[in-house]
Amino acid sequence: METEMSTTKTNLAQWIGRPIEDLPTPALLVDRDRLQSNLTTMQSLVSAHGKALRPHIKTHKCSMLARLQVQAGAIGVTCATMGEAETMAEAGIQDILIANQLVTADKLARAARLAQRCQLKFAVDSDYGIQAAQTAADTAGLVFDVLVEVDSGGRRCGAQTPEEAARLVERILSCRSLRFAGIQAYNGGTSYLADLDQRRQAVAASDRVLAGVLERVRQVAAVERVSGAGAGNARYHLENGLLSEIQAGSYVYSDTTYRDLAPEYQPALTVLAAVISRSLPGYVILDAGLKGVGSEFSSPELLDYPGLRFDHYSEEHSQWEAGDQPAPTIGEKVRIIPSHSCTTANLHRRCFVLRGQEVVDAWAIDAF
Ligand SMILES: Cc1ncc(COP(=O)(O)O)c(C=O)c1O
């Protein structure tokens, strides 16, 4: 049975040409012109430095949007999960990096199937990971492209010293079913420093660690790619010139957090919600909460009522303090700018693409 929430092509198409007002709430909305401006701005920045853009699609998890990124000039995509990578390949994206460790047999068996359909790459940071990848590649009778992940300050995955990175590269070189495809180094924390001098210095410190690793690794092998960076620190990594690929993701949609960190990208993602109660004096209650908007970093805002202050979420409600500000009335539909788009988009199965107040397209959010 086709339900109202179905994401088949026909069901999505029925919304095209309708006004926002018709959409059932909560609904995820994408402003097409702002999106295009964000795509162009990031692509131009990266191209101007002579580097490649490999955007992280965890921000939108949407194959239609990934295709637009490639059309705008991206060389391929970065993914966090195997499911994301499988969906991207299904959508025809050729060059796919899973910027993450694959160490279990189930994931590596999927990687082997995927590697037969696209140019797949993934990260390793341990002998265990190298051995597991080698075994899976041997079983499937193919060669995996692997990047050695380096911890350049993020304290997540990655080799901890230049020596360790070089040793992992040597180990890969000795494996007949693995090919050394470069270095993966992402230090996201530097993106969130509000003070730009501090941010630039933090990125420089991170790149100094990376430079040390590259110098040592180049003694044992050529490094064909160095991949990393996010929307908030890409500009500074590009100035330093060590990365050959930029993995930024959040620039496509921005949000109330990234708008302040990187104002050249405009918030393009909103959640449509309806005012369902004005009973509580001074407050507006909306039908979108934690499960429709998500919560990370700073606070959400209302696009058309910036004077209202976010108070708190319940699962399917949000409460906004109006004070003496102009406020929406019961039954009115309003748009929420999320505080972090990456943890909003994944809560929805479709997004409605707008020009002005009209739906011009509807896309499935299909990569998980
Ligand atoms: C490995 C990796 N690369 C790139 C990004 C993109 O960063 P941003 O969303 O700040 O653009 C992330 C974000 O989590 C990441 O984990």
Side-chain angles (χ1 to χ4, degrees), residues 35 38-39 41-43 45-46 51-62 65-66 69 72 74-82 84-85 88 95-102 121-125 146-159 181-194 196 199 202-203 206-207 210 225-238 242-269 294 296-298 338-346 367:
L35 171 68
N38 294 345
L39 293 177
T41 303
M42 178 58 87
Q43 186 62 56
L45 173 73
V46 175
K51 306 294 183 185
L53 180 60
R54 182 189 289 285
H56 207 312
I57 61 86
K58 50 104 199 183
T59 301
H60 52 75
K61 289 178 172 278
C62 171
L65 182 33
Q69 290 176 305
I75 54 162
V77 295
T78 304
C79 298
T81 69
M82 178 58 69
E84 288 174 354
M88 292 301 122
D95 189 341
I96 300 175
L97 167 66
I98 301 180
N100 215 343
Q101 311 295 314
L102 304 179
K121 301 156 191 67
F122 60 89
V124 293
D125 76 348
V146 290
L147 280 71
V148 168
E149 182 159 3
V150 166
D151 180 0
S152 55
R155 298 180 60 73
R156 197 164 65 178
C157 304
I183 296 290
Q184 146 77 21
Y186 170 77
N187 179 3
T190 61
S191 279
Y192 304 104
L193 295 166
L196 295 185
R199 203 185 306 171
V203 172
S206 177
D207 277 344
L210 181 57
R225 81 173 45 71
V226 187
S227 197
N233 59 19
R235 173 175 296 281
Y236 305 108
H237 280 294
L238 285 165
L242 289 187
L243 298 179
S244 62
E245 297 180 357
I246 297 298
Q247 298 176 352
S250 296
Y251 72 97
V252 274
Y253 285 155
S254 189
D255 45 49
T256 61
T257 304
Y258 276 81
R259 177 196 55 198
D260 295 342
L261 295 171
E264 60 274 37
Y265 307 105
Q266 311 171 35
L269 190 80
E296 198 179 20
F297 303 146
S298 51
S339 58
H340 188 203
S341 291
C342 302
T343 51
T344 301
N346 69 305

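We count ligands from 1, going down the list as the structure has it; atoms in each ligand are counted the same way.
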Tested for side chain to side chain donor-acceptor pair (under 3.5 Å) against Ser227, the lone hit among Gln184, Lys121, Gln247 is Gln247

Ordered by chain then number, the protein residues lying under 4.0 Å from ligand 1 by heavy atom are His56, Lys58, Ala99, Arg156, Gln184, Tyr186, Ala229, Gly230, Ala231, Gln247, Ala248, Gly249, Ser250, Tyr258

With Tyr253, which of Asn38, Thr344, Leu65 fulfils side chain to side chain contact (heavy atoms under 4.5 Å, CB included)? Leu65

Could you tell me how the ring of Phe297 sits relative to the ring of Tyr192: parallel (under 30°), tilted (30 to 60°) or perpendicular (over 60°)? tilted

Side-chain heavy atoms of Ile57 within contact of Gln69, under 4.5 Å: yes

Only one of Ser298, Ser341, Ser339 forms a side chain to side chain donor-acceptor pair (under 3.5 Å) with Thr256, so which one is it? Ser298

What is the minimum heavy-atom distance between Ile246 and Ala234, and which atoms define it? CG2-CB, 3.8 Å

